[in-house]
Amino acid sequence: MIRIYNTLTKRKEELIPLKEGWVRMYVCGPTVYGLIHIGNARPATVFDAFRRYLEYRGYKVIMVQNFTDIDDKIINKANEMGVDPQKLADTFIAEYFRDAHDLGIRPANFHPKTTDYIKEIIDMVQGLVDKGYAYVTKSGDVYFEVRKFEKYGKLSGKKIDDLVAGARVEPGEEKKDPLDFALWKSAKPGEPSWSSPWGEGRPGWHIECSAMSTALLGGSFDIHAGGEDLIFPHHENEKAQSEALHGECFAKYWMHNGMIRMTGEKMSKSLGNIFLVRNALKVFGRDAIRLFILSKHYRSPIDFSENILMDNKKAAERVWESLEKFESRYEEVPIPKYDSWMNERVEEFKEILDDDFNTPEAVALVFDLVKELNKAMDNSDEEKALKAYQLIKREFGPVLGLFDLSRERKELGKEKELIEILVDIRSKLREEKKFDLADEIRNRLSGVGVILKDSKDGTSWSVKS
Ligand SMILES: [Zn+2]
């Protein structure tokens, strides 16, 4: 039985999908106007791993993650750069896929973009106008009338009266009430726009996720996920407009990940304290970043620091070393027969993750198994080592998206071998007193950042960073 914390009910609940055996899941994706940072990597990594776990537990998962490709930030950035907003968005969607791939995140089943769903958005807004939940202003804006929706505030736990205190109508807005939010914005000069029953304009932010999730998953689905910074107003508004229109529960479970903080502050592009995924991947590698994220419970905040990432990099390297040491004994590592010891570990793994996706404990279990693997190798207990290897590399690793050595590590392995060959040949040249050629090898390796150091015990090498 899988239990997850539901933001809507504020407690852990058993996951009972609307359709048996299937989990339909919508994750709010990034607004595409720049390269993704570590803060974006968290929901992507966490919910990708959660999806892998659901599949591991036998569910079929349909996952949708959108791209917001029309928005003030995109328009401003495009104007700054003198490019078309749509081109800018498409560029960063491509860059997103590159980074996500390098992070070991599988594509969702659907990646809808807002501008591909303008018709669905307009239909939805019209539906809300027809039902009396939305109104059109003189200038052609359409607003959702929050007070008409009784359950407003239930998801975020906010009370209408408290919200009123902090809200105000901005100059130029034609809202009836400061709480109302835009479903459709009339076009401003120089902005991209689409024609609608209310004139030229573009969608407000919240309506896109309601329209795209309805189109791809239906008006009622299982899990809506995203960062906790989206609970209010974004998710509260999505829920209000969807339920007002469809008259049925929008998402049954709401999952929210905590924020990654830099010096205690939420990390986001608008605050400027960016740490780009691309840079972090170069310096620390995929497993270090995934371990950094999955070693904390998804609902807790994480404080970002380079030191923690470095620690995770070292930890990942130790695991690789153990796995590779074991792999080197085989042409192909065989699959052991699962016995009670292995099955107990599998049960433990499931129990841990069934409890609100407790990845820190699952990671700890994997590290315990690495200890077992090392111990078994030291004791020449081949059978035990094989069992531990199987669980780390083939059973649990893939669920967490960890220790997939096939790419990043094996390539490095080849380079290492080539360097060793050159160092060997150089030693032989030195023995034969062919110092010119030996020095040339040293100098040319140095030119590509490989530094050789001769001592009485032989030659060692290191890579200049
Ligand atoms: Zn959304």
Side-chain angles (χ1 to χ4, degrees), residues 6-8 24-34 36 39-48 50-51 62-74 89 92-93 96 100 105 107-118 120-125 128 144 146 149 152-156 158 181-185 202-246 249-259 266 268-270 298:
N6 188 351
T7 307
L8 181 61
R24 282 171 294 164
M25 186 169 172
Y26 186 94
V27 186
C28 288
T31 302
V32 274
Y33 66 105
I36 56 167
N40 304 119
R42 192 176 189 188
T45 303
V46 162
F47 296 117
D48 167 62
F50 184 63
R51 171 201 194 191
I62 303 178
M63 186 169 176
V64 178
Q65 190 206 52
N66 72 299
F67 289 113
T68 299
D69 68 341
I70 181 76
D71 157 273
D72 285 337
K73 288 188 278 262
I74 295 172
F92 286 112
I93 287 173
Y96 172 88
I105 292 160
N109 300 88
F110 300 96
H111 281 283
K113 320 189 285 184
T114 312
T115 55
D116 285 337
Y117 284 81
I118 299 293
E120 287 79 359
I121 289 169
I122 289 173
D123 287 350
M124 201 161 181
V125 175
L128 286 164
F144 185 87
V146 166
F149 185 70
Y152 194 83
K154 234 189 134 204
L155 179 67
S156 55
K158 293 189 188 293
F181 59 88
L183 297 169
W184 188 263
K185 297 174 175 178
R202 62 180 169 101
W205 172 30
H206 316 295
I207 192 72
E208 64 175 79
C209 287
S210 288
M212 292 188 277
S213 59
T214 302
L216 294 163
L217 298 173
S220 196
F221 55 93
D222 300 298
I223 300 173
H224 196 312
E228 68 179 14
D229 55 337
L230 296 179
I231 298 174
F232 189 86
H234 184 52
H235 288 168
E236 191 73 63
N237 291 355
E238 274 187 46
K239 182 175 179 296
Q241 66 209 2
S242 289
E243 294 186 356
L245 183 66
H246 298 127
C249 168
F250 176 45
K252 192 170 172 192
Y253 307 92
W254 291 81
M255 288 175 84
H256 291 102
N257 65 276
M259 298 289 102
K266 181 187 99 155
S268 75
K269 275 182 278 228
S270 42
Y298 73 92

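Computed from a predicted structure; not experimentally measured. In listed order, ligands and their atoms are each counted from 1.
One finds an angle of 120° at the Zn ion (ligand 1) between NE2 on His234 and SG on Cys28, to the nearest 10 degrees.
Of the possible donor and acceptor atoms, none in the side chain of Asp222 sits under 3.5 Å from a partner among the backbone N and O of Met25. Asn66 contributes a side-chain N or O that, together with a main-chain N or O of Gly29, makes up a donor-acceptor pair within less than 3.5 Å. Between the side chain of Ser220 and the backbone N or O of Cys249, at least one donor-acceptor pair lies under 3.5 Å.
Residue Cys209: an N/O/S atom is found under 2.8 Å from the Zn ion (ligand 1). Within the coordination shell of the Zn ion (ligand 1), defined by N, O or S atoms under 2.8 Å, His206 is absent.
As for Glu238, its N/O/S atom nearest the Zn ion (ligand 1) is the one called OE2.
Relative orientation of the Phe221 and His224 rings is tilted, given thresholds of 30° and 60° on the angle between their planes.
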